[in-house]
Colleague: 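Before I ask anything, let me first share the structure, which is written out below as structure tokens.
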Amino acid sequence: MKPKIINASMIKIIHALTYLSLIFISSSSLANKKPFTAEDLVSMERIRSATLSPDGKHVAYVVRKTDLQANKGLTDIWLTRLSDNQTRQLTTNHSADYSPKWTKNSRSLYFLSSRSGSSQIWKLDINKNALQQVTQFEVDVSSFKLSSENNRIAFSAKVFPDCNDFKCTQSRLEHLKNQKSSGVVYDKIFVRHWDHWLDQTQSQLFVTELNHKGLLKNNKITPVSKSVNANVPSNPFGGDEEYEFARNGSAVYFSARLQNSKEPTSTNFDIYRVSIDKPEKAINLTKENLAWDTHPVISNDGEKLAYLATTRPGYEADRFEVIIRNIRTGKISRITQNWDRSFNSLQFSKDDRSLYLTGNHSGIKALWKLDIKTGKKIQINQEGAVVGVTVSDDKIVFAKDSLKSPVQLYSSDLDGKNQKQVTFNNQNKLDNIAFGEYEQFQFKGWNNELVSGYVIKPANFQHDKKYPLAFLIHGGPQGSFSDHFHYRWNPQTYAGQGFVAVMIDFHGSTGYGQKFTDSISQNWGSKPLEDLQKGLAFVLEKYQFIDGTKSCALGASYGGYMVNWIAGNWQDEFDCLVNHDGIFDNRMMYYTTEELWFVEWEHGGPYYAASATHEKYNPANYVNNWKTPMLVIQGELDYRIPVTQSLATFTALQRKGIKSKLLYFPDENHWVLKPANSIQWHKEVNNWLHEFLSAD
């Protein structure tokens, strides 16, 4: 039989049929994918606290899984071998296991666990799976760090400052618990912070010795932060990034702010050095700077101290520069002085020639490698949000997420080349979810200055349809939603409901230079509002698939403030509003919030001394203009923007006869953290949007 001859025409037909079949397969695949939901968001596994082994062969990290039945997250430690991505779970316990730290021989991990009934330090041999409890203190260990020789551990714990041992703190807490009276007397502010009322305990730093087996050598515990005038505040040492061992383990460097009557109005954190052999004397290394000094990091040769610092006292959103201090001479170098970005983490390369820095940058959270001597910088990622980095001799591993993916780990060469994905958590879920495609845009905002934003298309987008708009407004106000997988305000949850999501980085947002960030102070209701108005007009003209006749504005914190401001000053634009923990009255906000430095900086001073600037953009003054339906959401434990602000908002809406609802969480703070509450939050918000934006 002669072979069949295929001519050029037949080849074209085959190619066309193949192309059509691929389109059909692709379309069928998309049709089988489901839109992203709040349940998907809550149930995603979350990766954090990645750390490379000293030999560069393994990365250990924490995976948080959600137990919807128990309404809580479960955290365990996992291990991935970088040569072949072989992954295994190291700990399995219903209690929390977290904060892994490698031993210098790369054979064992120290970590925190609550499996004994309190938070203590444990040690795990990764090859033998041998588990040992290292500490059995009478108080919880909040955080810890190993010395480079693994012969000492520094750790933080909350204690009564006048107690000489942990048993004293335990006994006093038990006494307070059992006494019949419940009154607490205060003679200075802070009286409460974030989501809890303060007691007389303080978070303090301690050091203890380890023997050759890596267990406690003796019962000697040395307090190393107590000597700071016995005035270490109750809110440092929230993480081990606030302290560091000297390279030889003889001293500890830590960042702290004095606890006194000025604490609520001060951002003056300083970096102290305490010799472990002489802990009674702490040396303030940054006393000349009355602003914020934090995140101390010691070079691998032990000769340099790097840290982050602002320059303007009282301004928490000031630019954090990178400072390097010669430990022997005390000479400092402001190595990023001429680089107009604010950084939030730093780490030395193993040869100490470079620093790895992270920070907001033009709508992403970037990772850079900075050559200390030449100032040359390499940007490692061009998209997404890098939320952590760990370094070995020849590679880096960094944690990155995006608007279409929760955090995954990636490895690369030291200069960012040869990047590859290391973890694939949630992959089965992600493969079956139809995310909305997104892109960044720019337009001319206030004063014709360039402003950026993101548009996220609805899931399973169709070109011939028009879609209603969810207009998201970020908080801070010095912040940015960015290309980031957010677990509270994730635009993909709105894309999954069939809405277009738009996010504007208005004046005041971070990542576009400090002048842009500064511009919102004392201008809360002017420049940002104009950016939002011009941004909305821009997207309605550029993206014809947005139905401008059906839109809702949503925001939390400052975003909630802006929703209230919009209600009185842009009241004809939106069909509905959603206000989470938003400021209603600037006057009472000043007198009831806890961190007074924030409102004083943003409005030019205390209310009693600068009432005109507080009142200039006060939403309470424009309630007479309100008419747009609003959903109000508030957590009882929010002491940043207290519950009375939302109650006042709801009262104003109801008294005016405006359609409104109040969603109240008695057990949440400024954020909604419990899984079931998060699902309820999204359900109520989505129902509210559908009520006003769905087709007639």
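All residue numbers in this chain count up from 1 along the given sequence.
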Colleague: Is it the case that Y617 and Q522 place a side-chain donor and acceptor less than 3.5 Å from each other?
Modeller: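 No pair is found: no donor N or O on one side chain lies under 3.5 Å from an acceptor on the other.
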
Colleague: Between the side chains of D518 and Y315, does any donor sit under 3.5 Å from an acceptor?
Modeller: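 Result is yes, a qualifying pair exists.
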
Colleague: Taking atom types as modelled, is there a side-chain donor on D199 or T201 under 3.5 Å from an acceptor on the other?
Modeller: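 A pair is found: one side chain offers a donor N or O, the other an acceptor, under 3.5 Å apart.
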
Colleague: Do E615 and R587 sit within salt-bridge range, that is, some charged N less than 4.0 Å from a carboxylate O?
Modeller: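 R587 and E615: not salt-bridged.
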
Colleague: Test T222 against R152 for side chain to side chain contact (heavy atoms under 4.5 Å, CB included), laying out the working first.
Modeller: CA-CA 11 Å; T222 303; R152 283 172 168 163; over 6 Å; no

Colleague: For the backbone of G525 and the side chain of W565, can you confirm whether one donor and one acceptor N or O come within less than 3.5 Å of each other?
Modeller: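 Yes; at least one donor-acceptor contact below 3.5 Å.
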
Colleague: What are the two closest heavy atoms between A251 and S275, and how far apart are they?
Modeller: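 Residues A251 and S275, closest heavy atoms: CB-CA, 4.1 Å.
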
Colleague: Between N579, D585, N569, which is the residue that forms a side chain to side chain donor-acceptor pair (under 3.5 Å) with N564?
Modeller: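 One option only clears the test, and that one is N579.
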
Colleague: Between H193 and H196, how do the two ring planes meet: parallel, tilted or perpendicular, split at 30° and 60°?
Modeller: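 Plane angle over 60°, so perpendicular.
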
Colleague: Quick one: closest heavy-atom pair of H614 and P606, and the distance?
Modeller: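 Closest pair (atom of H614, atom of P606, distance): NE2-C, 3.7 Å.
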
Colleague: What's the verdict on salt bridge (charged side-chain N to carboxylate O under 4.0 Å, His left out) for R257 and E263, showing C-alpha distance, side-chain angles and the deciding distance?
Modeller: CA-CA 8 Å; R257 177 184 59 197; E263 189 181 7; 3.2 Å; yes

Colleague: L308 and S345: which non-hydrogen atoms are nearest, and at how many Å?
Modeller: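 Minimum heavy-atom contact is CD1-N, 4.0 Å.
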
Colleague: T75: what forms a side chain to side chain donor-acceptor pair (under 3.5 Å) with it, not counting sequence neighbours?
Modeller: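 Once residues adjacent in sequence are excluded, T75 has no partner under the side chain to side chain donor-acceptor pair (under 3.5 Å) criterion.
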
Colleague: Please report the shortest heavy-atom distance between A306 and I324, naming the atom on each side.
Modeller: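 Minimum heavy-atom separation between A306 and I324: CB-CG1, 4.2 Å.
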
Colleague: If you measure from the Lys or Arg side-chain nitrogens to the Asp or Glu carboxylate oxygens, is any gap between R325 and D293 under 4.0 Å?
Modeller: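 Here R325 does not pair with D293 in a salt bridge, since their nearest N and O are not under 4.0 Å apart.
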
Colleague: Give the ring-plane orientation class for W292 versus F320, where under 30° counts as parallel, over 60° as perpendicular and anything between as tilted.
Modeller: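 Taking F320 first and then W292, their aromatic rings stand perpendicular (interplane angle over 60°).
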
Colleague: Could you pull out the closest heavy-atom pair between L205 and S225, with the gap in Å?
Modeller: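 For L205 and S225, the tightest heavy-atom pair comes out as N-OG, 2.9 Å.
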
Colleague: Without swapping roles, check the side chain of Q514 against the backbone of R319 for a donor-acceptor pair under 3.5 Å.
Modeller: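 Yes; judged by distance alone, with no hydrogens or angles, the pair exists.
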
Colleague: Please report the closest heavy-atom contact between S147 and G249, naming both atoms and the distance.
Modeller: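 Closest approach of S147 to G249: CB-CA, 4.4 Å.
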
Colleague: Would you confirm whether the ring centroid of F206 sits within less than 6.0 angstrom of the ring centroid of F166?
Modeller: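 Between F206 and F166, which both carry aromatic rings, the centre distance is below 6.0 Å.
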
Colleague: Ring centres of W489 and W671 under 6.0 Å apart?
Modeller: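 Between W671 and W489, which both carry aromatic rings, the centre distance is not below 6.0 Å.
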
Colleague: Do we see a donor-acceptor contact under 3.5 Å between the side chains of S333 and K331?
Modeller: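 Their side chains do not contain a donor-acceptor pair, so the 3.5 Å distance test is not met.
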
Colleague: If the threshold is 4.0 Å, N to carboxylate O, is there a salt bridge linking E244 and K145?
Modeller: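 Answer for the salt bridge query: yes.
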
Colleague: For a ring pair (Phe, Tyr, Trp, His ring centres under 6.0 Å) with W524, tell me which candidate from W601, Y558, F506 qualifies.
Modeller: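 Of W601, Y558, F506, ring pair (Phe, Tyr, Trp, His ring centres under 6.0 Å) with W524 is met by Y558 alone.
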
Colleague: F348 vs L355, test: side chain to side chain contact (heavy atoms under 4.5 Å, CB included). Steps then yes/no.
Modeller: CA-CA 5 Å; F348 278 100; L355 281 169; 3.7 Å; yes

Colleague: For the atom pair OH (Y253) and CZ (R273), what is the distance rounded to the nearest 0.5 Å?
Modeller: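 Rounded to the nearest 0.5 Å, the OH-CZ separation comes to 4.5 Å.
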
Colleague: Under a 3.5 Å distance rule, please check whether N381 uses its side chain to pair with a backbone N or O of K365 as donor and acceptor.
Modeller: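 Yes, because the side chain of N381 sits within donor-acceptor range (under 3.5 Å) of the backbone of K365.
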
